[in-house]
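Note sheet for the following structure.
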Amino acid sequence: MTGSGTRHEDSSLHREPVRSTLQRLHGAAAGDWKKFISITPRWLAGLATGRKMHETITPAVARDIYMPVSPDKGEFLYITARAIGARNIVEFGTSFGISTIYLAAAVQDNGGGRVIGSEIEPSKHAQAVSNLAAAGLDGVSEIRLGDAMHTLRDLPGPIDLIFMDGWKVLYLPLLKQLQPALRTGAVLLADNMSSFRSSLVDFNEYLASGRNGFHAVTLKFGDGLAYAVYLGKPTDTA
């Protein structure tokens, strides 16, 4: 009996050049642990002086570290974007563009649109642009160089999906900046909710309170992935 699910060949993820580009990048990212070991003394020294991680491990320090989504999480990004028919996606924290490839593949398979990403580190930005071109997805993606609070300002809506995987101190202010452009039913995915729990208390409260238009859960996926649906601007009941 033939199943009714999507066949592999119907997904850009399983066709060239996307497949080989992702294999190459995930292979290269497997060496991240060695790079993390090399910067651990800097991080510990920062802790000892009361500095937060983002103050010690700056974008320049982490310019050679991929910090990618796993293949499973990338597939989850893809199928979520496909499920909601996303054509207008915003990504915070592009890095080398691995997660962007999964999102852009979904946009392409949804019939076209654009993923707008942001990366503050110039060498990562250049490599992300190159990687998306290698995957044949440069026509449905745009990676902006600079501070996301500036590069992702005044974006045209409606935004269908947001993926956050950058510096945690910006999750909440960036969400508030993007929220007016969200369509009802838009999905927000935010990574590292467990590993950076203390840094994301206010962000988590904003999503979970029920006062800001979101219904959210944190999935036990990797180190915690927030999955929130925007239900629309809340109305006063008083």
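Heads up: numbering here begins at 1 and tracks the sequence.
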What distance separates [X] [atom1] from [Y] [atom2], expressed to the nearest 0.5 Å?
{"X": "Tyr171", "Y": "Leu207", "atom1": "OH", "atom2": "CG", "result": "11.0 Å"}
{"X": "Arg197", "Y": "Lys168", "atom1": "CZ", "atom2": "NZ", "result": "13.5 Å"}
{"X": "Gln108", "Y": "Leu103", "atom1": "CD", "atom2": "CG", "result": "13.0 Å"}
{"X": "Thr100", "Y": "Ile143", "atom1": "OG1", "atom2": "CD1", "result": "4.5 Å"}
{"X": "Ile89", "Y": "Ile116", "atom1": "CD1", "atom2": "CD1", "result": "10.5 Å"}
{"X": "Glu121", "Y": "Gln127", "atom1": "CD", "atom2": "CD", "result": "9.0 Å"}

* To do: Using the salt bridge (Lys or Arg N to Asp or Glu O under 4.0 Å) rule, collect all pairs that involve residues 201-212, keeping only residues at least two apart or in two chains.
  => Glu205-Arg211

Donor-acceptor contact below 3.5 Å, side chain [X] vs main chain [Y]:
{"X": "Thr151", "Y": "Arg144", "answer": "no"}
{"X": "Asp109", "Y": "Ser12", "answer": "yes"}
{"X": "Asn131", "Y": "Gly97", "answer": "no"}
{"X": "Glu16", "Y": "Ala135", "answer": "no"}
{"X": "Gln177", "Y": "Met149", "answer": "yes"}

* Dump the intermediate steps for side chain to side chain contact (heavy atoms under 4.5 Å, CB included) on Leu137 and Val18, then the final yes or no. => CA-CA 8 Å; Leu137 296 170; Val18 175; 4.0 Å; yes

* Decide whether Ser209 and Asn212 meet the rule of one side-chain donor and one side-chain acceptor closer than 3.5 Å. => yes

* Any side-chain donor near an acceptor of the partner, Gln23 and Thr21, under 3.5 Å -> no

Note, [X] side chain near [Y] side chain (heavy atom, < 4.5 Å):
{"X": "Met164", "Y": "Leu175", "value": "yes"}
{"X": "Asp191", "Y": "Asp223", "value": "yes"}
{"X": "Ile120", "Y": "Leu145", "value": "no"}
{"X": "Phe203", "Y": "Met193", "value": "yes"}
{"X": "Phe163", "Y": "Ser99", "value": "yes"}
{"X": "Val115", "Y": "Val140", "value": "no"}
{"X": "Thr94", "Y": "Lys124", "value": "no"}
{"X": "Asn88", "Y": "Leu161", "value": "no"}

So, using side chain to side chain contact (heavy atoms under 4.5 Å, CB included) as the criterion, who are the partners of [X] when residues are at least two apart?
{"X": "Ser130", "answer": "none"}
{"X": "Ala106", "answer": "Tyr78, Ala81, Arg82"}
{"X": "Thr184", "answer": "none"}
{"X": "Pro71", "answer": "His26, Tyr102"}

* Please report the C-alpha distance between Asp147 and Leu170 in whole Å, then the side-chain angles of each, then the deciding distance to 0.1 Å, and finally whether the side chain to side chain contact (heavy atoms under 4.5 Å, CB included) criterion is met. => CA-CA 10 Å; Asp147 183 334; Leu170 293 184; 4.2 Å; yes

* ring pair (Phe, Tyr, Trp, His ring centres under 6.0 Å): pairs with one or both residues in residues 209-231, sequence neighbours excluded -> Phe76-Phe221, Phe214-Tyr230

Which atom names give the shortest non-hydrogen contact between [X] and [Y], and what distance separates them?
{"X": "Ala104", "Y": "Leu132", "value": "CB-CD2, 4.3 Å"}
{"X": "Leu152", "Y": "Leu178", "value": "O-CD2, 3.5 Å"}
{"X": "Gly224", "Y": "Ser194", "value": "CA-OG, 3.6 Å"}
{"X": "Ile98", "Y": "Pro68", "value": "CD1-CB, 3.5 Å"}
{"X": "Pro158", "Y": "Arg183", "value": "CB-CB, 3.6 Å"}

* Are the charged groups of Asp160 and Arg87 less than 4.0 angstrom apart, N to O? -> no

* Asked: Do NZ/NE/NH1/NH2 and the carboxylate oxygens of Glu75 and Lys73 come within less than 4.0 Å?
  -> no

* Shared hydrophobic cluster for Phe196 and Val201 (ILVMFWY, side-chain gaps under 4.5 Å) -> no

